[in-house]
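If you're wondering where the values come from, they're calculated on a predicted model, not measured in any experiment. In what follows, every chain begins at residue 1, and chains take the letters A, B, ... in the order their sequences are listed.
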There are 2 protein chains.
Amino acid sequence: MNRFSRSSIGGNTGDRVYAILREAIVTAELEPGRQLSENELAELLGVSRTPVRGALARLREDRLVAIVPQLGSFVTLISRSGVEDAAFVREALECAAIRLAAERITESGLEEIQANLAAQERAERELDVESFDLLDETLHRIICQQAGHEVAWALSRRANGHLDRVRRLSLPDSSYLTEMVSEHKSLVAAVAEGDPDRAETELRRHLRMVLSSVDQIRVRHPEYFEDE
Amino acid sequence: MNRFSRSSIGGNTGDRVYAILREAIVTAELEPGRQLSENELAELLGVSRTPVRGALARLREDRLVAIVPQLGSFVTLISRSGVEDAAFVREALECAAIRLAAERITESGLEEIQANLAAQERAERELDVESFDLLDETLHRIICQQAGHEVAWALSRRANGHLDRVRRLSLPDSSYLTEMVSEHKSLVAAVAEGDPDRAETELRRHLRMVLSSVDQIRVRHPEYFEDE
DNA sequence: TCATGTGCACTAGTATACAAGTACGTCAGG
DNA sequence: CCTGACGTACTTGTATACTAGTGCACATGA
């Protein structure tokens, strides 16, 4: 226990504000293009402008918010290139990670993954999308952990703003959940068998699934998109 | 020209403070483990605490600074795992990018790269390490640009704090520059020939070179390192 | 001598006050 | 009716004041 180990507790007002705003943006409760007034948000959340400003600055790094000096802060519009960038980053990081995971996976790591998959099947049966999203995220985190580079997951998650929005905006039907679980099972199987090439292939296909729903959403919400 | 296009000008005090502090940390002018007082930095730079706080928050995301509430902010120590994480991220992103670049490179892109290489050789002859570092960075950026995902370079650069420090701490001799230029030439050649596999292999080897100097630096500056 | 408590000087977190800049409506004049 | 200048109401950027928590030194008592 040194003085650095306490450095990321995350119980501050600023962290809370960041989490709330990020969730609101990703679920499009704060829709793309919307103006965010620091004053308004501060009042709404019952805090001062300072933590709000900090949260907006972090969201800017996530590319979820654009801050124009002396003019305003805005939820970024969805753009094809933005989504493709996020997909690229996620693919690069997680594919590299899953290769390592397939080589290094431990017994307890596999057990953890199996438990996660079981819970995913439960969530699928009960159509509990919220739980499923959480389990999905956890699965990817475990894989990065097992690869020895959890940082890959953290970065992947952060670069992921546009992807998350697209995913959350597309109304997931039951076939979506079924498909996802099935893909998760295949790629976990490849990891369990210690086959990096197949694991990478499966993951790549899995990650590209989200991309396909972009156009579908653009049709439904053209006002959320940047014309390019 | 819409209202989003003005969002990243970067002429603010906060951005300036961030750039200054990052440079100071990367060059170890602010050495690993050193405590950074917001008040002290603010006074030193002739600004208030507000922009300093913002800069420190960003540096925390870069893992160059650890902020401990009610205790202080510190330049992070160098750790093997931190360096390996950074190397992993950079490898994953830039290798994925160079594969695309090898497939998509344009005529003008190649010309730009050749000009960069020529400048590198000049810098090598004149032992102008500072210019060389800049050209090195630019080369990697151009490659990511040509891949259509400049975001990869931006992320790679940010995740790169620990690597940069290690690189800047190791006194580069002329053989180092010679080696680097030679490696750059090989990987550019692979890109020019449109050979993604070879380009990736060359880049991977190139990026791992930095890693080898970690132990050398640890011997010289054990106090900069985290005991693990 | 050693252990313990207490105060002080420091820290970051937050709230507020002020400065600088932008957009837009309004009103006067051609 | 159209055009242009001005004022107002907003925005973010920065500086400062205040709050709460930490560690450390020093005094005090056993």
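- With rounding to whole Å, A/L36 atom CG is found 17 Å from D/dC10 atom P.
- Separating the CZ atom of A/F74 from the C1' atom of D/dT12 is a distance of 11 Å, rounded to the nearest angstrom.
- One finds a salt bridge joining A/D15 and A/R58 here, because a Lys/Arg side-chain nitrogen approaches an Asp/Glu carboxylate oxygen to under 4.0 Å.
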Per-nucleotide protein contact string for nucleotides 13-20 of chain C, where B marks a base within reach and S marks sugar-phosphate only (heavy atoms under 4.0 Å, - for neither): BBBBB--B
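- As judged by a 4.0 angstrom heavy-atom cut-off over every strand, B/N39 is placed among residues touching the sugar-phosphate backbone only.
- Distances shown here put a side-chain N or O of A/S73 below 4.0 Å from the OP1 or OP2 atom of D/dT12.
- We find that CG of B/L41 is positioned 10 Å from P of C/dT11, with the value rounded to whole Å.
- Salt bridge annotation for B/E112-B/R141: absent, with no cationic side-chain nitrogen under 4.0 angstrom from a carboxylate oxygen.
- B/L56 comes within contact range of no nucleotide atom at all, as no heavy-atom separation falls under 4.0 Å.
- In this structure, B/H184 and B/H140 have perpendicular ring planes: the angle between them is above 60°, well past the 30° mark.
- Between B/E84 and B/R80 there is a salt bridge, with a side-chain nitrogen of the basic residue lying less than 4.0 Å from a carboxylate oxygen of the acidic one.
- Here C/dC24 presents its C1' atom at 13 Å from CD of A/Q35, a figure rounded to the nearest Å.
- Remark: B/Q145 pairs with B/E150 by the side-chain hydrogen bond (donor to acceptor under 3.5 Å, both in side chains) rule, at least two apart or across chains.
- Judged by distance alone, the side chains of B/N116 and B/Q120 do bring a donor and an acceptor atom under 3.5 Å apart.
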